Amino acid sequence: MTDWQPQAAKLADSLAAESAIVDNRWRAAFEATPRHVFVPRYWALNEYNSPVRVVDGAVSTHRHEWLQAVYENRFLITQWVADGDRRIVTSSASLPSLVARMLHILDVADGQRVLEIGTGTGYNAALLCHRVGAANVTSIDIDAGLVAEATGRLDAIGYTPTLHTGDGALGVKDGAPYDRILSTCATRGVPPAWIDQLADGGRIVTPLTIGGALAVLAKTGPGEVSGNLDVEPALFMAMHPAGQPLPDGYLAEIPPPVSNEVAHLGTTNLDPEALADFDFRLWLLLHKPLHFVEHVDDQQTRVGWTIHDGVHQATAVRRGDGVLHVRQSSRRLWDTVEAAWLGWVDHDRPRRGRIGVTATVSGGQYAWLDSPDSGVRWPLPVPTG
Ligand SMILES: C[S@@+](CC[C@H](N)C(=O)[O-])C[C@H]1O[C@@H](n2cnc3c(N)ncnc32)[C@H](O)[C@@H]1O
């Protein structure tokens with residue numbers, strides 16, 4: 001194919017126009033990297049964000065649609081597994097503007113050694129190879145088939161980074177220490193192995209499974225990293241153990257449990273639309289892990305939400321009369337939402353950039369507001385791999 005370069009340049013232009021790319025060296029990487037090589041086919045989504053139809057560049061009738069999608073600012077689903085009626089996405093080519101944003105905040109310098117967690121298609125690894133040289137890039141994915149495909153694609157465009165198959169939560173000890181560790185799957189906390197394998201002066205950029213948080217962590221001492229969340233949310237599929245993809249609800253909603261419990265009916269002063277604010281949602285999730293399911297009316301306008309924790313649920317909706325109705329089971333999850341809202345307002349409605357994370361290899365990990373010692377903090381789970 002010879003016609004991809006203008007398309008790659010156009011994609012780079014559009015990412016620069018929205019300030020996702022702010023450095024010419026990354027712009028050059030996006031211009032020089034053939035995304036179509038890394039995404040030879042993808043799955044189109046239905047209205048419920050479920051993958052339903054393959055769009056394959058090798059099929060002549062798909063070719064136009066495929067090539068256009070590959071060079072637009074779109075994330076593209078490349079693999080999924082069935083779980084009953086649900087389709088769980090197990091790999092994707094991430095949204096180019098998010099890829100660019102994460103590479104920007106990785107703040108990588110010439111010659112630095114980078115470990116990527118989640119090789120996927122290999123596209124991000126190719127961008128890193130362009131920027132720091134393939135000899136400085138190591139990438140790991142839990143899926144051997146993906147690693148084999150990515151190896152072939154990278155090789156085809158002249159890059160031979162070090163690729164591994166395995167659990168990225170354990171890092172890649174062989175090539176450590178790394179100046180930069182970039183994860184492209186979301187973790188529940190910071191895996192201790194990454195802190196161990198990070199060089200002094202190093203930086204970790206990783207999405208967390210909580211509220212689209214994207215942590216930007218510096219090494220702040222032996223066995224310790226700390227830093228604020230990026231101001232932009234970043235939704236990624238969750239890192240999972242081999243053979244066990246997690247239905248994490250990052251694309252499709254996780255349906256509420258079927259419950260026979262008698263519900264408590266009432267009204268609320270808190271507009272359920274508050275849950276549409278991603279920064280409030282993050283604040284709430286730091287207090288209590290929950291899933292969110294939208295309610296829409298006949299005109300497809302959102303009128304409320306069901307929240308649930310897999311066992312209990314609460315639904316808050318605005319009815320035609322403008323009254324905000326709540327129906328909740330005995331755990332009274334809506335009361336939790338209201339309490340979290342009061343706390344959020346009390347702290348001047350903190351945007352996510354005011355939240356940070358501190359993680360140590362030996363001890364616990366926690367998220368904090370404003371500074372690690374502010375006294376407002378929440379424990380995070382330590383992923384063990
Ligand atoms: C969003 S995709 C990565 C996109 C990729 N960076 C690219 O440029 O195409 C997330 C990847 O994380 C991988 N993954 C999930 N759990 C993992 C684990 N425990 N260790 C390593 N990789 C994992 C998945 O197999 C998937 O390919």
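We count ligands from 1, going down the list as the structure has it; atoms in each ligand are counted the same way. Worth saying up front: this structure is predicted, and the values here are computed from it rather than measured.
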Expected rows: ligand 1 N/O, protein N/O, dist below 3.5 Å:
| residue | atom | partner | partner atom | Å |
| --- | --- | --- | --- | --- |
| ligand 1 | 6 (N) | Glu116 | OE2 | 2.9 |
| ligand 1 | 6 (N) | Gly118 | O | 2.8 |
| ligand 1 | 6 (N) | Thr184 | OG1 | 3.1 |
| ligand 1 | 8 (O) | Asn124 | N | 3.1 |
| ligand 1 | 9 (O) | Thr121 | N | 3.0 |
| ligand 1 | 9 (O) | Thr121 | OG1 | 2.6 |
| ligand 1 | 16 (N) | His240 | N | 3.0 |
| ligand 1 | 19 (N) | Asp167 | OD1 | 2.9 |
| ligand 1 | 19 (N) | His240 | O | 2.9 |
| ligand 1 | 20 (N) | Gly168 | N | 2.7 |
| ligand 1 | 22 (N) | Ile142 | N | 3.3 |
| ligand 1 | 25 (O) | Asp141 | OD1 | 2.7 |
| ligand 1 | 25 (O) | Asp141 | OD2 | 3.4 |
| ligand 1 | 27 (O) | Ser91 | OG | 2.8 |
| ligand 1 | 27 (O) | Asp141 | OD2 | 2.7 |

For the pair Glu224 and Lys219, find out whether any cationic side-chain nitrogen is under 4.0 Å from an anionic carboxylate oxygen.
-> no
Of Trp283, Trp368, Tyr366, the one forming a ring-ring contact (aromatic ring centres under 6.0 Å, His included) with Trp378 is Trp283
Does a side-chain N-to-carboxylate-O contact under 4.0 Å join Arg354 and Asp348?
-> no
Residues in side chain to side chain donor-acceptor pair (under 3.5 Å) with Thr315, at least two apart?
-> Thr306
Going by an N to O cut-off under 4.0 Å, is there a salt bridge joining Arg203 and Asp179?
-> no
Centroid-centroid under 6.0 Å between Trp334 and Trp305 rings | no
